[in-house]
Amino acid sequence: MADRQDNTLEERILKLKKEKNAVILAHNYQRGEVQDIADFGGDSLELSQIAARTDADIIVFCGVHFMAETASILSPNKTVLLPDAHAGCPMADMINAEQLRQKKKELPDATVVTYINSTAEVKAESDYCCTSANGVKVVAQIDNEEVLFVPDQYLGKFIMAKTGKKMTLWPGYCPTHADMTPEDIIKCKKEYPAAKVVVHPECRPEVIALADEALSTSGIIRYASREDVSELIVGTEVGIIHRLKKENPGKKFIPVSEKAICYNMKYITLDKVLRSLETMTPEVKVPEEIRVKARAAVDRMLAIV
Ligand code: 13P
Ligand code: SF4
């Protein structure tokens, strides 16, 4: 029989995953080797949909804390593991439940739409959730002139431009995307004049204005597969380049900025995935009272898309 040490990390993860009936989900910004070992890769919407319907007993979520919380909200009877408990989302932490309750007092008639990049407690105070993939669709169907959008001001501005709906925006932002500048895009365009440009809607409006499209991470992956795309300037976290190259050999992908790194996403390593499966920690579990309220907002979103 092979000695434990003879097996690669990947083999040990796959063996344990099978024994424990676990599923490994990886966001498109994860390290390449983590994306490669996952059963499913995707954007926040796709991963939450998979988490809602999987029949695995354990979900190993290779992403950041709010994503694991969303999985726990949707699958309360499953064990949700986040291989590094410190993998958070700085934008999600830019608003807490008390701050949202205060804002709602100022705007008692507003419908509250909350980006999925938020804590479960904040979701629990919300009417709808949305992701970058469906934010326009969710807001467009709201029959109320007053909408409060939290926490990403830039996704909020993007949705306002697309729907023509005015919203009150919480001043949150993603540090990784907000750091990208129009100059970064102009520089890439000079070097690759024939390339198309796609960016994430968490980018600033002046960056989005220079792009052909603003799309969720999986939207970017679908765009890259188009026949008329051979060179693509990519304005989002650089971890996405791994999957883009893997699925599109022969095409050229140019990151808008090599510095666009979400360090929290990189906390997850294969070592930690293995340890997590061995020890069944760190577990993310949303308390039932919050979960039920948060679930209503997430379900309202899932009913629309
Ligand atoms: P997506 O839902 O587009 O994958 O985005 C998640 C995210 O955190 C972007 O920074
Ligand atoms: Fe949060 Fe930005 Fe990292 Fe996405 S890239 S998880 S929004 S900090």
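Just so it is clear, the structure is predicted and the values come from calculations on it, not from any experiment. Side chains included, hydrogens not; waters and symmetry mates left out as well; all remaining heavy atoms used.
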Legend entry - N-O pairing of Glu278 and Arg275 below 4.0 Å: no
Legend entry - Lys251 with Glu231: basic N within carboxylate O range, under 4.0 Å: no
Inset, instruction - Check for a donor-acceptor pair, side chain of Lys123 on one end and backbone N or O of Arg295 on the other, with a separation under 3.5 Å. - result: no
Legend entry - Cluster overlap Val256 with Ile241, hydrophobic side-chain contacts below 4.5 Å: no
Legend entry - Linked, directly or transitively: Leu107 and Leu169 (ILVMFWY side chains, under 4.5 Å): no
Inset, instruction - Answer yes or no: is there a donor N or O on one side and an acceptor on the other, between the side chain of Ser126 and the main chain of Val112, under 3.5 Å? - result: no
Inset, instruction - For the pair Glu213 (side chain) and Leu215 (backbone), establish whether a donor and an acceptor sit closer than 3.5 Å, ignoring hydrogens and angles. - result: no
Inset, instruction - Say whether Phe66 and Leu25 are linked into one hydrophobic cluster, either directly or through other cluster members, by side-chain heavy-atom distances under 4.5 angstrom. - result: yes
Inset, instruction - Sort out for me which residue in Lys293, Lys104, Lys103 forms a side-chain hydrogen bond (donor to acceptor under 3.5 Å, both in side chains) with Glu125. - result: Lys104
Legend entry - Backbone N/O of Asp127 and side chain of Arg300: donor-acceptor pair under 3.5 Å: yes
Inset, instruction - Could I get the full list of salt bridge (charged side-chain N to carboxylate O under 4.0 Å, His left out) partners for Asp57, not counting sequence neighbours? - result: none
Legend entry - Exceeds 12 heavy-atom contacts within 6.0 angstrom, atom NZ of Lys15: no
Inset, instruction - Check for a donor-acceptor pair, side chain of Asn144 on one end and backbone N or O of Asp109 on the other, with a separation under 3.5 Å. - result: yes
Inset, instruction - Run through the side-chain heavy atoms of Ile, Leu, Val, Met, Phe, Trp and Tyr, join any pair under 4.5 Å, and report what else lands in Tyr173's cluster. - result: Met94, Tyr154
Inset, instruction - Using atom types as modelled and distance alone, determine if a side-chain donor or acceptor of Ser75 lies under 3.5 Å from a backbone N or O of Ser72. - result: no
Inset, instruction - Check for a donor-acceptor pair, side chain of Lys78 on one end and backbone N or O of Thr54 on the other, with a separation under 3.5 Å. - result: yes
Inset, instruction - In plain terms, say whether Lys272 and Asp84 are close enough for a salt bridge, that is, a side-chain N and a carboxylate O under 4.0 Å apart. - result: yes
Inset, instruction - State whether the side chain of Asp43 and the backbone N or O of Thr217 hold a donor-acceptor pair below 3.5 Å, judged by distance alone. - result: no
Legend entry - Enclosure of Asp143 CG (heavy-atom neighbours >12, cutoff 6.0 Å): no
